[in-house]
There are 2 protein chains.
Amino acid sequence: MNEGIFKAMSDPTRRKIIELLKDGPKTAGEIASHFSHAQPTISRHLNVLKNAHVVVDQREGTFIIYRLNTTVLQDWLAWLMKHFGGENNDEKE
Amino acid sequence: MNEGIFKAMSDPTRRKIIELLKDGPKTAGEIASHFSHAQPTISRHLNVLKNAHVVVDQREGTFIIYRLNTTVLQDWLAWLMKHFGGENNDEKE
DNA sequence: TGATTATATAGCTAAATGGCTAAACATTGA
DNA sequence: TCAATGTTTAGCCATTTAGCTATATAATCA
């Protein structure tokens, strides 16, 4: 499993960005407006998510629209379930 | 959701420790023997996992035995599924 | 072309992280 | 009580991270 997605998901701001994007694609500015951080700070977070392929961007005029890459998230979740999920662990007690 | 578990899970060494412990409880030394890191390094990783309540320790003579807290892991996975899992996201296209 | 708007990048700082070695601590057993 | 063993803690260092401000880039429009 790609290391990047773990780092991407380990930050609360980035997780909140993902939750925002679950509601549909948004521009960088729209995303930034939900936070009290400076705009470049959010831009960098978006870049981390992009490098992990958790989001995808697309320019639309002067705007840049970000959307979730749900496949990557779901693959990650499936991997987590497989590796850390409730498998039978027959210990003595 | 507790921030600690995200940080705990974001490191590959710690994830490998968890996978080792899925196989059953192990002493700190036994865990450390699976890595090429110095033993105190692993001890510190174990401490991170302990602080996130992902593992639990128990002294047994001079040994300290670590075991998984599977409940915490499963709660975390459930939370992830709920927040990032495949909910219906009816976008136009 | 120049102004405006949206966004990213550069460059900085403080704090967190992960590695190491050396030293401390806890338990056991002679 | 002392030595041995298993483990943690302390202290150090290099790297990464997340924040900021200032600046650069890209697209649009007059």
Side-chain angles (χ1 to χ4, degrees), chain A residues 1-21 23-69 76 84, chain B residues 1-21 23-69 76 84:
Chain A
M1 175 56 49
N2 174 16
E3 183 66 19
I5 192 166
F6 283 96
K7 300 294 182 180
M9 298 301 286
S10 74
D11 180 89
T13 298
R14 289 194 287 267
R15 291 197 300 272
K16 194 172 167 194
I17 290 174
I18 292 173
E19 299 210 62
L20 287 173
L21 290 179
D23 223 54
K26 290 185 175 38
T27 67
E30 198 173 352
I31 293 165
S33 74
H34 285 87
F35 297 90
S36 50
H37 294 137
Q39 175 267 324
T41 297
I42 299 301
S43 179
R44 209 167 45 70
H45 279 304
L46 286 169
N47 195 50
V48 172
L49 291 169
K50 194 166 89 176
N51 288 337
H53 305 104
V54 175
V55 303
V56 160
D57 67 340
Q58 166 200 0
R59 183 173 278 277
E60 193 88 43
T62 59
F63 297 89
I64 296 181
I65 297 171
Y66 284 85
R67 70 184 68 237
L68 273 190
N69 183 351
W76 182 63
F84 305 116
Chain B
M1 177 54 49
N2 174 16
E3 182 66 19
I5 191 167
F6 282 97
K7 301 294 184 181
M9 297 301 286
S10 73
D11 180 88
T13 299
R14 288 193 288 266
R15 291 198 299 273
K16 195 172 167 196
I17 289 174
I18 291 172
E19 299 210 61
L20 287 174
L21 290 179
D23 224 54
K26 292 186 175 37
T27 68
E30 197 174 351
I31 293 166
S33 74
H34 284 86
F35 297 89
S36 49
H37 294 137
Q39 180 266 330
T41 298
I42 300 301
S43 179
R44 211 167 43 70
H45 279 304
L46 286 168
N47 195 49
V48 172
L49 291 169
K50 194 165 91 176
N51 287 338
H53 304 105
V54 175
V55 303
V56 160
D57 66 341
Q58 166 201 0
R59 182 174 279 276
E60 193 87 43
T62 60
F63 297 89
I64 296 182
I65 297 171
Y66 284 85
R67 70 184 68 237
L68 274 190
N69 184 350
W76 181 64
F84 305 114

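Order of the sequence lines sets the chain letters (A, B, ...), proteins ahead of strands, with each chain counted from 1.
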For Gly61(A) and for Thr13(A), find the nucleotide of DNA chain D with the closest heavy atom, then tell me which residue's nucleotide is more 5'.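 Mapping each residue to its closest nucleotide by heavy atoms, the 5'-most match is Thr13(A).
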Using the side chain to side chain contact (heavy atoms under 4.5 Å, CB included) criterion, which residues pair with Asp57(B)? Sequence neighbours excluded.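 Residues passing side chain to side chain contact (heavy atoms under 4.5 Å, CB included) with Asp57(B): Lys50(B), Ile64(B), Tyr66(B).
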Take atom [atom1] of [X] and atom [atom2] of [N], then tell me their distance rounded to the nearest Å.
X: Asn51(B); N: dA16(C); atom1: CG; atom2: P; value: 14 Å
X: His45(A); N: dA18(D); atom1: NE2; atom2: C1'; value: 6 Å
X: Asp11(A); N: dT17(C); atom1: CG; atom2: C1'; value: 14 Å
X: Phe6(A); N: dT16(D); atom1: CZ; atom2: C1'; value: 18 Å
X: Arg14(B); N: dG19(C); atom1: CZ; atom2: C1'; value: 12 Å
X: Phe35(B); N: dC20(C); atom1: CZ; atom2: P; value: 12 Å
X: Ile17(B); N: dG18(C); atom1: CD1; atom2: P; value: 11 Å
X: Met9(B); N: dG18(C); atom1: CE; atom2: P; value: 13 Å

Would you call the rings of His37(B) and His45(B) parallel, tilted or perpendicular, where under 30° means parallel and over 60° means perpendicular?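 If you compare the ring of His37(B) with that of His45(B), the planes turn out tilted.
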Does the Arg15(B) side chain pair with the main chain of Met9(B), one donor and one acceptor, at a distance under 3.5 Å?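 Indeed, once roles are kept as given, a pair shorter than 3.5 Å links the two residues.
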Ignoring hydrogens and geometry, is there a side-chain-to-backbone donor-acceptor pair from Arg14(B) to Lys7(B) under 3.5 Å?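 Judged by distance alone, yes, a pair lies under 3.5 Å.
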Could you state the interatomic distance from CG (Asp11(B)) to CD1 (Ile17(B)), rounded to the nearest 0.5 Å? 8.0 Å
Within the 4.0 Å limit for protein heavy atoms, which parts of nucleotides 4-13 of chain D are touched? Write it as a string from 5' to 3', B for base, S for sugar-phosphate only, - for none. --SBBB----
With side chains defined as the heavy atoms from C-beta onward, is the minimum distance between Thr13(B) and Ile42(B) less than 4.5 Å? yes
